[in-house]
Amino acid sequence: QVQLVESGGGSVQHGGSLRLSCAASAYTKTMAWFRQALGKDREGVAAIAKVGSTHYADVVKGRFTIPQDNGKYTLFLQMNSLETGAAGMYYCAADDAQWIPPPLGQGWYHYWGQGAQVAVSS
């Protein structure tokens, strides 16, 4: 099985930026970022198929991006213009299959990381 480890979480002021990283123990064809705020359901924010296709949730379009320097075993998430609503636990997810377009539903992903906490100060 594939192991995923997130890093780069922390606390930032509203309007600031943060970059999350996900290191995978093996190659996967589809990877994604999910987040879960206190009292809310887990939601997909960004996904990528390794052939180059990306998919962003409407709420983060224009502010969150998956950088172009992702490796075969890594996944990044660049978060800009952070608001308080972006706070929560961010999870890295992956799947062996190549899903096109890469989905933002959690049911598509077999592997999950332990999460990284992101706090946004108002």
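Bear in mind that the values here come from a model prediction, so they are computed numbers and not experimental data. Along the sequence shown, the residues carry numbers beginning at 1.
With hydrophobic clusters built from ILVMFWY side chains whose heavy atoms lie under 4.5 angstrom apart, Val59 shares a cluster with Leu77. In terms of hydrophobic clustering, with Ile, Leu, Val, Met, Phe, Trp and Tyr side chains grouped at heavy-atom distances under 4.5 Å, Leu82 and Ile66 are assigned to a common cluster. Hydrophobic clustering, with ILVMFWY side chains joined whenever heavy atoms are under 4.5 angstrom apart, keeps Tyr111 apart from Tyr109. No path of Ile, Leu, Val, Met, Phe, Trp and Tyr side chains, each step under 4.5 Å between heavy atoms, connects Phe76 with Val60, placing them in separate hydrophobic clusters. Residues Tyr56 and Trp108 do not share a hydrophobic cluster, defined by chaining ILVMFWY side chains whose heavy atoms lie under 4.5 Å apart.
Rounding to the nearest 0.5 angstrom, the gap separating the CD atom in Gln78 from the CZ atom in Phe64 is 9.5 Å. From Ile48, atom CD1 reaches atom NE2 of His55 across 13.0 Å, with rounding to the nearest 0.5 Å. Taken from OH in Tyr90 to CH2 in Trp33, the straight-line distance is 10.0 Å, to the nearest 0.5 Å. Atoms CD and OG1, on Gln13 and Thr84 in that order, are 12.0 Å from each other to the nearest 0.5 Å. The line from CD of Glu83 to OG of Ser122 is 12.0 Å long, rounded to the nearest 0.5 Å. The distance from atom OG of Ser7 to atom CZ of Arg19, rounded to the nearest 0.5 Å, is 11.0 Å.
Side-chain N or O atoms of Glu6 include one that pairs as donor or acceptor with a backbone N or O of Cys92 at under 3.5 Å. Using modelled atom types, one side-chain atom of Thr30 and one backbone atom of Ala97 make a donor-acceptor pair closer than 3.5 Å. Listed for the Ser25 side chain is a donor-acceptor partner under 3.5 Å among the backbone atoms of Gln3.
Counting heavy atoms of neighbouring residues, nucleotides and ligands inside a 6.0 Å radius, atom CH2 of Trp112 exceeds 12 of them. Residue-environment remark: NZ (Lys29) stays at or below the threshold of 12 foreign heavy atoms within 6.0 Å.
Shown here for Ser53 and Pro101, the closest heavy-atom pair between the two residues is OG-CA, 4.4 Å. Here the shortest heavy-atom pairing between Ser17 and Asn80 reads OG-OD1, 2.9 Å. What you find for Ala94 and Thr28 is that their closest heavy atoms are CB-OG1, 3.5 Å. Closest of all the heavy-atom pairs between Ser11 and Ser121 is OG-OG, 3.8 Å. Here the closest non-hydrogen pair linking Pro103 and Ala32 is O-CB, 4.4 Å. The shortest heavy-atom contact between Ala87 and Ala119 is CB-CA, 4.3 Å.
The aromatic rings of Tyr73 and Tyr27 sit perpendicular to each other, their planes meeting at more than 60°, with 30° as the lower class boundary.
Residues Phe34 and Glu43 fail the side-chain proximity criterion, which asks for heavy atoms closer than 4.5 Å. Ile100 is listed as a side-chain neighbour of Val51, based on a closest heavy-atom distance under 4.5 Å. With a 4.5 Å cut-off on side-chain heavy atoms, Lys50 and Gln98 do not count as touching.
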side-chain contact (heavy atoms from CB on, under 4.5 Å), that's the test. Do Leu20 and Met79 meet it? Break it down for me.
CA-CA 8 Å; Leu20 300 180; Met79 303 182 291; 3.7 Å; yes

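Judged by a 6.0 Å distance limit and a 45° cone about the ring axis, Arg42 is positioned over the six-membered ring of Tyr91.
Exactly one of Leu4, Asp95, Val2 qualifies for a side chain to side chain contact (heavy atoms under 4.5 Å, CB included) with Met31. That residue is Leu4.
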